Amino acid sequence: MLYAVLCYHREDEVCAWSKAEDDAVMAKLAVVQDRLAKAGRLGPVARLMPTTAATTLRKDSDPPLVIDGPFAETKEQLLGFYVIDFASLEDALGTVRELARANPGGAYEVRPISLFHPSHLPA
Amino acid sequence: MNDPAWIEAALTGARAQAIAALLRYFRNLDTAEEAFQEASLRALRTWPLKGPPRDPAAWLILVGRNAAVDAARRRKRHEPLPADDVLSDLEDTESALADRLDGEAYRDDILRLLFTCCHPGLPATQQVALALRIVSGLSVAQIARAFLVSDAAMEQRITRAKARVARAAIAFEAPGAPERAARVAAVAAMIYLVFNEGYSAGGGANDMRRQLCGEAIRLARLLLRLFPAEPEIMGLAALMLLQHARSAARLDAGGQIVLLDAQDRTLWNRAEIYEGLALLDKALRHARPGPYQVQAAIAALHARAARPEDTDWQEIDFLYATLERMQPSPVVSLNRAVAVSKLRGAQAALELIEPLGERLAGYFHFHGVRGALLLQLGHAGQAREAFNRAIALANSPAEAAHIRAHLDRLDADPNVRPAGGPNRRAS
């Protein structure tokens with residue numbers, strides 16, 4: 001089954017990484033990603049811009065309200081996501097533990113995907 | 001989890017919020033700073049063993065506050081207390097405190113801390129030094145290196161700034177809306193000062209000085225998270241991101257300045273450009289233009305041009321004219337002259353900047369631009385004079401070297417004849 005792995009972390013902290021620290025974390029994550037890619041299980045991966053670049057459309061009013069910033073003000077922010085094919089939740093948690101060792105702090109939310117459109121963007 | 005670099009980042013990330021809350025509690029910058037220092041030391045001891053707390057800022061505030069209160073008590077009673085006493089039972093209080101940190105109070109705390117550093121009574125250099133020390137947590141030695149002064153001189157500068165701030169007695173009650181807006185504007189100006197300290201550094205600069213740009217961008221994001229719907233803060237962040245995106249292309253391998261037209265645009269940082277463009281898009285939706293947004297829009301036009309000849313100089317000229325109205329300044333007019341020279345030629349540009357001569361007599365870029373325009377018009381002698389004046393006013397070895405290169409070309413090019421007079425046009 002396809003799972004979304006949603007990456008939460010404290011943005012203040014990630015923004016405080018130096019270029020070298022950022023590169024080091026990315027390199028460690030790439031090791032896990034490469035293995036998944038070679039196994040043909042890795043879908044789209046995205047790192048999101050800071051939440052300051054986000055805009056939210058609240059559709060619980062009519063007309064919808066456009067608000068600057070992310071949907072939720074939380075201690076940890078959604079900073080990126082993976083789409084990965086896992087055999088089971090245990091399988092998913094095993095891999096996510098590896099990602100966590102590569103990039104400690106914050107949280108990964110593992111969420112099964114119910115509808116998936118492969119990308120139509122140019123590579 | 002016991003990666004020291006990670007803990008460093010967690011401390012840096014939580015610093016502004018933690019010191020801001022401690023400042024509200026103790027109402028004294030030194031006490032707040034010492035309390036944070038003590039909490040950081042305990043974090044370095046405790047976090048590797050127990051794992052990081054869920055909310056590092058809340059942990060640091062609580063531990064820092066208790067440590068400072070204990071220290072005050074110890075001084076009073078002359079008797080020691082158990083050292084890590086405060087660390088017990090942290091779990092419950094931490095989450096309760098974290099809840100209280102949310103919302104407006106926390107926002108005003110950080111704004112107050114930032115505003116403390118850019119009090120109108122402080123000269124610009126002291127504002128920047130104080131902000132880097134208190135908010136960014138750079139050491140005195142690091143800041144001294146960035147400003148190319150001795151540690152002792154920087155120590156003195158920061159001590160003076162702190163003393164002046166202490167005398168100024170910043171209000172601790174929640175600010176009203178106009179007061180809050182004024183504080184945000186002052187903080188934005190201070191952040192742009194930090195950025196320009198790093199950006200103007202040029203080739204001879206050390207890493208520390210260049211890091212100031214990244215630090216300014218971090219502070220702008222922090223301010224924007226507090227005030228997510230302020231178009232001018234979006235504009236400021238966009239402006240700095242779009243300018244910083246060109247960093248890798250601004251100097252060649254020998255540390256020489258490369259002008260915008262000659263820069264290798266593949267070296268521009270796409271991630272920073274996209275983030276800058278995204279923020280500018282968001283800002284423009286508000287239809288409340290301001291100087292930062294206009295400058296960001298100019299930087300965006302450069303960023304969007306794949307080649308120099310694709311640059312929309314018409315729009316840049318229009319934006320500079322807008323900026324001249326919003327924020328009349330000879331420097332803005334000088335910048336506009338570059339766009340005018342692209343659109344209507346060097347003579348038109350020269351006519352635009354000649355009246356600025358008196359006010360910009362001591363400004364490196366004025367003489368550099370003027371020399372380049374005169375050279376385009378074939379007035380070699382006057383160009384040489386202008387370049388010589390620019391060299392004398394250069395702010396960095398790279399700036400001087402850039403002008404020196406112009407002079408060398410002047411010497412080498414037999415086609416450049418001495419100027420016949422101020423009104424002579426290039427053929």
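Just so it is clear, the values below take in all heavy atoms, side chains as well, and ignore hydrogens, waters and symmetry mates. Order of the sequence lines fixes the chain letters, A, B, ..., with proteins taken first and strands second; residue numbering starts at 1 for each chain. All figures in this text were calculated on a predicted structure; none of them were measured in a lab.
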Say you draw a straight line from [atom1] of [X] to [atom2] of [Y]; how long is it, rounded to the nearest 0.5 Å?
X	Y	atom1	atom2	answer
A:Thr52	B:Leu226	OG1	CG	11.5 Å
A:Glu13	B:Glu8	CD	CD	11.0 Å
A:Met49	B:Leu279	CE	CG	8.0 Å

Query raised in the report: Among A:Pro50, A:Ala20, A:Gly69, who wins on heavy-atom pairs under 4.5 Å with chain B?
Result: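 Option with the greatest count: A:Pro50.
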**Report entry** Closest non-hydrogen atom pair between A:Cys15 and B:Arg221, with its separation
**Finding:** SG-NH1, 3.8 Å
Report task. Please report the shortest heavy-atom distance between B:Arg218 and A:Ala16, naming the atom on each side. Result ->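 Looking at all heavy atoms of both residues, the closest pair is CD-CA, 4.0 Å.
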Given heavy-atom pairs under 4.5 angstrom as the criterion, report whether the side chain, backbone, both or neither of [X] touches chain A.
X	value
B:Leu222	side chain
B:Arg225	both
B:Arg15	neither

Query raised in the report: Is there a donor-acceptor pair closer than 3.5 Å between any side-chain N or O of A:Arg10 and the backbone N or O of B:Arg54?
Result: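 Confirmed, A:Arg10 side chain pairs with B:Arg54 backbone.
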**Report entry** Per-residue contact mode, A:Ala24 against chain B (heavy atom under 4.5 angstrom)
**Finding:** neither
Table please: side-chain donor-acceptor pairs of residues 116-123 of chain A below 3.5 Å, with sequence neighbours left out.
from	atom 1	to	atom 2	distance (Å)
A:Ser119	OG	A:Leu121	N	2.9

Requested in this report: Using side-chain contact (heavy atoms from CB on, under 4.5 Å) as the criterion, list what pairs up with B:Ala229, not counting sequence neighbours.
Outcome: A:Asp68, B:His286
